[in-house]
Amino acid sequence: MATFTELLSYDNDVFRAYVFWSTILIVKTLSMSFLTARQRFKNKVFANPEDAGPQKAKVKYDDPDVERVRRAHRNDLENVFPFILVAFFYVLTNPEAYLAINLFRAAVISRIVHTLVYAVWVIPQPARGLAFFVCLGSTLFMAFKTIVFFI
C-alpha cells in the first residue's frame with residue numbers, strides 16, 4: 001500500500017494528472033469573468049453606473065447575453081469545487097492510473113465543452129446536458145469509490 005507522501009508525489013502519475021487537469025479547470029473558471037466582461041462591453045450594459053460612465057452604456061441587470069455567461073459561470077462554481085475536492089480524495093485511494101487520468105480528463109473537457117455550448121456558441125440541448133452529466137458522473141463515480149475505500 002502506498003504512503004500518503006508517495007500518493008502526493010511528482011512521481012505519481014495520477015497526482016500529476018490531477019494537478020494538471022485541476023489547474024486547467026481553475027484557469028477555465030477564472031476566465032469566465034473575462035467572458036462576462038466581453039459580453040458587457042459588446043452589449044454596452046453594466047451592473048454599476050460607475051462602470052457605464054464614459055462609454056454611454058446603460059445600467060442593466062437582465063441582459064440575456066450577459067446573464068447566459070453568468071449562469072455558465074455559476075454552474076462552474078457549483079461543479080468545479082466539488083470535482084477538485086473529490087478528485088483529490090480519489091487520488092488518496094491509489095486508483096488505477098488509466099481510469100483516474102481519463103476520469104479527470106473527461107470531467108475537465110466536458111466542463112470546457114459545457115461553457116462553449118452554453119455561453120460561447122449556443123447549441124440546443126442535449127449538448128449542454130451531456131457535457132454537464134459527464135463531469136457530474138465522473139465526480140460521483142470518484143466520490144463513490146472514495147467512500148467505499150475509506151469505510
Side-chain angles (χ1 to χ4, degrees), residues 4 6-48 50-52 55 57 59-147 149-150:
F4 186 78
E6 291 169 336
L7 293 173
L8 301 181
S9 162
Y10 297 122
D11 296 329
N12 181 356
D13 290 339
V14 173
F15 180 68
R16 290 171 50 89
Y18 164 76
V19 170
F20 174 80
W21 287 106
S22 293
T23 304
I24 295 291
L25 196 52
I26 290 167
V27 169
K28 176 252 173 283
T29 301
L30 290 171
S31 72
M32 294 301 289
S33 297
F34 296 106
L35 193 55
T36 302
R38 188 185 108 199
Q39 288 296 343
R40 287 193 184 282
F41 280 98
K42 177 181 147 196
N43 296 345
K44 295 184 180 177
V45 294
F46 296 90
N48 302 299
E50 64 272 15
D51 298 335
Q55 294 97 347
V59 174
K60 188 175 180 184
Y61 304 109
D62 60 352
D63 182 80
D65 295 331
V66 173
E67 289 306 310
R68 178 176 285 278
V69 175
R70 287 172 40 109
R71 285 190 306 272
H73 192 177
R74 186 175 58 232
N75 193 276
D76 271 352
L77 296 174
E78 293 168 353
N79 290 279
V80 168
F81 177 71
F83 166 79
I84 290 173
L85 193 57
V86 165
F88 177 75
F89 294 153
Y90 183 62
V91 169
L92 299 178
T93 69
N94 196 20
E96 181 183 326
Y98 177 80
L99 177 60
I101 292 167
N102 282 306
L103 285 168
F104 302 156
R105 183 180 294 144
V108 173
I109 290 170
S110 72
R111 288 308 308 173
I112 293 169
V113 168
H114 181 272
T115 295
L116 293 175
V117 301
Y118 192 18
V120 179
W121 302 289
V122 180
I123 296 176
Q125 290 285 22
R128 187 177 80 225
L130 291 171
F132 172 81
F133 283 113
V134 168
C135 183
L136 180 64
S138 297
T139 304
L140 290 174
F141 175 83
M142 289 185 293
F144 175 77
K145 296 295 274 184
T146 301
I147 290 167
F149 181 86
F150 283 103

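- Judged as a side-chain contact (heavy atoms from CB on, under 4.5 Å), and not counting sequence neighbours, the contacts of V122 are R68.
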All N/O donor-acceptor pairs, side-chain side in residues 79-90, below 3.5 Å, sequence neighbours left out:
from: N79; atom 1: ND2; to: N75; atom 2: O; distance (Å): 2.7
from: N79; atom 1: ND2; to: N75; atom 2: OD1; distance (Å): 3.2

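- The list of side chain to side chain donor-acceptor pair (under 3.5 Å) pairs with a residue in residues 19-29, not counting sequence neighbours, reads K28-D76, K28-T115.
- In terms of the salt bridge (charged side-chain N to carboxylate O under 4.0 Å, His left out) criterion, K42 has no residue partners (sequence neighbours excluded).
- Note that the CG atom of N94 and the CG atom of L7 stand 5.0 Å from one another [nearest 0.5 Å].
- Here salt bridge (Lys or Arg N to Asp or Glu O under 4.0 Å) pairs that include residues 112-126, with residues two or more places apart or in two chains, number zero.
- In this structure the side chain of R74 never reaches within 4.5 angstrom of the side chain of R70, judged on heavy atoms.
- Of the possible donor and acceptor atoms, one in the side chain of D63 sits under 3.5 Å from a partner among the backbone N and O of D65.
- Closest approach of R111 and A72 over heavy atoms only: NH2-O, 4.4 Å.
- With sequence neighbours left out, the side-chain contact (heavy atoms from CB on, under 4.5 Å) criterion links D62 to K60.
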Hey, can you pull the donor-acceptor pairs under 3.5 Å for the side chains in residues 97-107, sequence neighbours left out?
from: N102; atom 1: OD1; to: R105; atom 2: NH1; distance (Å): 2.7
from: N102; atom 1: ND2; to: Y98; atom 2: O; distance (Å): 2.9

| Do L25 and I112 pass the side-chain contact (heavy atoms from CB on, under 4.5 Å) test, and can you show the C-alpha distance, the side-chain angles, and the key distance before you say yes or no? | CA-CA 8 Å; L25 196 52; I112 293 169; 5.6 Å; no

Side-chain donor/acceptor pairs under 3.5 Å, residues 128-147, sequence neighbours excluded:
from: S138; atom 1: OG; to: V134; atom 2: O; distance (Å): 3.0
from: T139; atom 1: OG1; to: C135; atom 2: O; distance (Å): 2.9
from: T146; atom 1: OG1; to: M142; atom 2: O; distance (Å): 2.7

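- Among residues at least two apart or in separate chains, there is no side chain to side chain donor-acceptor pair (under 3.5 Å) pair with a member in residues 7-20.
- Applying the salt bridge (Lys or Arg N to Asp or Glu O under 4.0 Å) test to every pair with at least one member in residues 112-121, sequence neighbours left out, gives no pairs at all.
- Residues passing the side-chain contact (heavy atoms from CB on, under 4.5 Å) test with Y61 are A47, V59, sequence neighbours excluded.
- Atom CZ in R38 sits 10.0 Å away from atom OG1 in T36 (nearest 0.5 Å).
- For the ring pair (Phe, Tyr, Trp, His ring centres under 6.0 Å) test, residues two or more places apart in sequence or in another chain that qualify with Y118 are H114.
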